[in-house]
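Note that the structure is predicted; figures quoted are calculated from it, not measured.
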Amino acid sequence: MNQFEIFFDGFYLSLIIFLGIRMLLIENNDSKILGSMALLLGLGDSFHLVPRIIANVSENGFIENSFGLFLGTRVSAITMSVFYLLFYYYIKKKNNMQRKELDTFLILLFVIRIATVIISFNHSEEMDLISNVPFVLMGIIDILLLFKNKNIKEFKNLYIYVLFSFLFYVPVVLLKNVYPIIGMLMMPKTIMYVLIVIKLYKNLKKDFEKKDIMEFAISYLLSGILAGAVYRELRKIYPVDVKMAFVHTHLIVLGFVFLAIFYLIAKNLEIPNEKLEKLIRVYNFGIYFSFTTMFLHGLVDSYPILNSVKIAMTSISGIGHILITLSIILISIMSLRSREVLNA
């Protein structure tokens with residue numbers, strides 16, 4: 001059953017990292033801070049979740065990968081601390097808040113958190129618990145500020161997501177060694193992170209324009225470059241399958257080249273933005289399904305995975321390819337008909 005967790009972890013990482021890249025490219029005064037938050041979240045968690053994916057599909061995986069899993073938790077602890085520090089400054093900016101004493105207090109909590117996390121590298125369980133005290137206090141400050149300003153459009157429901165992320169997180173920190181099953185709460189906690197990032201993405205997202213197609217194309221280009229770098233480094237540590245190498249080239253071709261061609265074709269045609277946005281959304285989902293499973297194939301195919309897991313990966317990938325093909329056909333037909341109208 002644990003092997004099916006790889007889908008949850010893989011799709012979470014690919015979504016958050018891509019949205020982080022996409023957010024950085026949106027023309028908005030908040031794009032840098034929000035895009036950085038999402039990227040920090042995804043890249044930081046990948047240090048923990050990639051070893052976890054491999055541990056779930058290999059014999060004695062959690063024992064053999066214990067160092068990688070521990071190191072990953074330390075890295076993600078640091079990146080999550082930066083995430084909530086940036087979150088505070090985003091709240092402060094949107095609320096035009098000027099409270100220097102609170103700024104100082106939050107920075108002090110951040111410094112204590114980072115210092116105690118670094119000390120906890122010696123595998124001290126006591127220091128691990130202590131390091132979470134300033135982190136939880138940082139979260140409480142963000143929750144209270146979000147709740148106080150919940151009527152601000154950009155903050156709608158965010159206090160709920162952050163609150164529940166900590167409600168799921170704290171029991172795991174306190175009881176994971178006594179009741180290991182409680183670690184399952186990390187999954188709903190992760191869902192809260194997804195909801196936070198999606199809300200922040202919507203805060204940046206404007207009405208669809210044809211140039212958004214080119215922004216998506218560049219996002220896929222950068223994602224493809226990142227995927228190539230990840231494959232190069234991971235193969236030094238794990239026996240990854242060559243399928244992972246295809247993620248790099250396929251993202252650049254199907255993600256960047258195809259969308260760039262779509263943009264050049266569509267930008268001067270009278271295609272309704274609403275219809276085009278729906279088709280681009282279908283295309284994006286197709287890429288999301290196809291290339292996340294391709295990445296997972298690269299990670300786990302060298303290990304003894306269940307046949308049901310293989311079937312699930314093949315099925316999800318197949319759905320992704322169907323969506324890609326369907327959207328390409330429909331966009332091509334729409335472009336052709338639009339050109340005929342213009343030439344009439």
Is it true that, when you exclude [X] itself, more than 12 heavy atoms of the residues, nucleotides or ligands shown sit nearer than 6.0 Å to its [atom1]?
| X | atom1 | result |
| --- | --- | --- |
| Phe7 | CZ | yes |
| Phe11 | CZ | yes |
| Met187 | CE | yes |
| Lys206 | NZ | yes |
| Phe62 | CZ | yes |
| Lys205 | NZ | yes |
| Arg235 | CZ | no |
| Tyr263 | OH | yes |

Which pairs, with at least one residue in residues 20-39 and sequence neighbours excluded, count as a side-chain hydrogen bond (donor to acceptor under 3.5 Å, both in side chains)?
Arg22-Glu215, Glu27-Lys211, Asp30-Lys93, Asp30-Lys94

Quick one: does [X]'s side chain get under 4.5 Å of [Y]'s, heavy atoms only?
| X | Y | result |
| --- | --- | --- |
| Leu40 | Leu86 | yes |
| Met334 | Leu330 | no |
| Phe83 | Ile196 | yes |
| Thr79 | Leu41 | no |
| Leu69 | His48 | yes |
| Ser335 | Ile271 | yes |
| Ile141 | Leu109 | yes |
| Met138 | Leu106 | yes |

Return the set of residues passing salt bridge (charged side-chain N to carboxylate O under 4.0 Å, His left out) with Glu101 (not counting sequence neighbours), or none when no residue passes.
Arg99

Expected output: side-chain [X] to main-chain [Y] donor-acceptor under 3.5 Å:
| X | Y | value |
| --- | --- | --- |
| Asn65 | Pro51 | no |
| Ser317 | Thr314 | no |
| Thr292 | Phe289 | no |
| Asn56 | Ile53 | no |

What is the distance from atom [atom1] of [X] to atom [atom2] of [Y], rounded to the nearest 0.5 Å?
| X | Y | atom1 | atom2 | answer |
| --- | --- | --- | --- | --- |
| Thr293 | Ile319 | OG1 | CD1 | 10.0 Å |
| Ile261 | Phe256 | CD1 | CZ | 9.5 Å |
| Glu5 | Leu49 | CD | CG | 8.0 Å |
| Leu85 | Asp103 | CG | CG | 9.5 Å |

With sequence neighbours left out, what residues match Phe295 under ring-ring contact (aromatic ring centres under 6.0 Å, His included)?
none

Set of residues satisfying side-chain hydrogen bond (donor to acceptor under 3.5 Å, both in side chains) with respect to [X], sequence neighbours excluded:
| X | answer |
| --- | --- |
| Asn149 | Asn95 |
| Asp45 | Tyr12 |
| Lys150 | none |
| Glu64 | none |

Does anything in [range] pair up under ring-ring contact (aromatic ring centres under 6.0 Å, His included), and if so which pairs, sequence neighbours excluded?
| range | value |
| --- | --- |
| residues 296-324 | none |
| residues 124-162 | Tyr84-Phe135, Phe135-Phe166, Phe135-Tyr169, Phe147-Tyr159 |
| residues 182-216 | none |

Do Tyr283 and Phe262 have ring centroids that are under 6.0 Å from one another?
yes

Below 6.0 angstrom between ring centroids: does that apply to Phe246 and Phe291?
no

Salt bridge (Lys or Arg N to Asp or Glu O under 4.0 Å) pairs, two or more places apart, involving residues 280-305:
Lys243-Asp301, Glu277-Arg281

Connected via hydrophobic side-chain network under 4.5 Å: Met313 and Leu306:
yes

Tracing side-chain contacts under 4.5 Å among Ile, Leu, Val, Met, Phe, Trp and Tyr outward from Ile329 reaches Ile333

Decide yes or no on side-chain contact (heavy atoms from CB on, under 4.5 Å) for Asp212 and Ile280, but give the supporting numbers first.
CA-CA 10 Å; Asp212 290 347; Ile280 294 299; over 6 Å; no

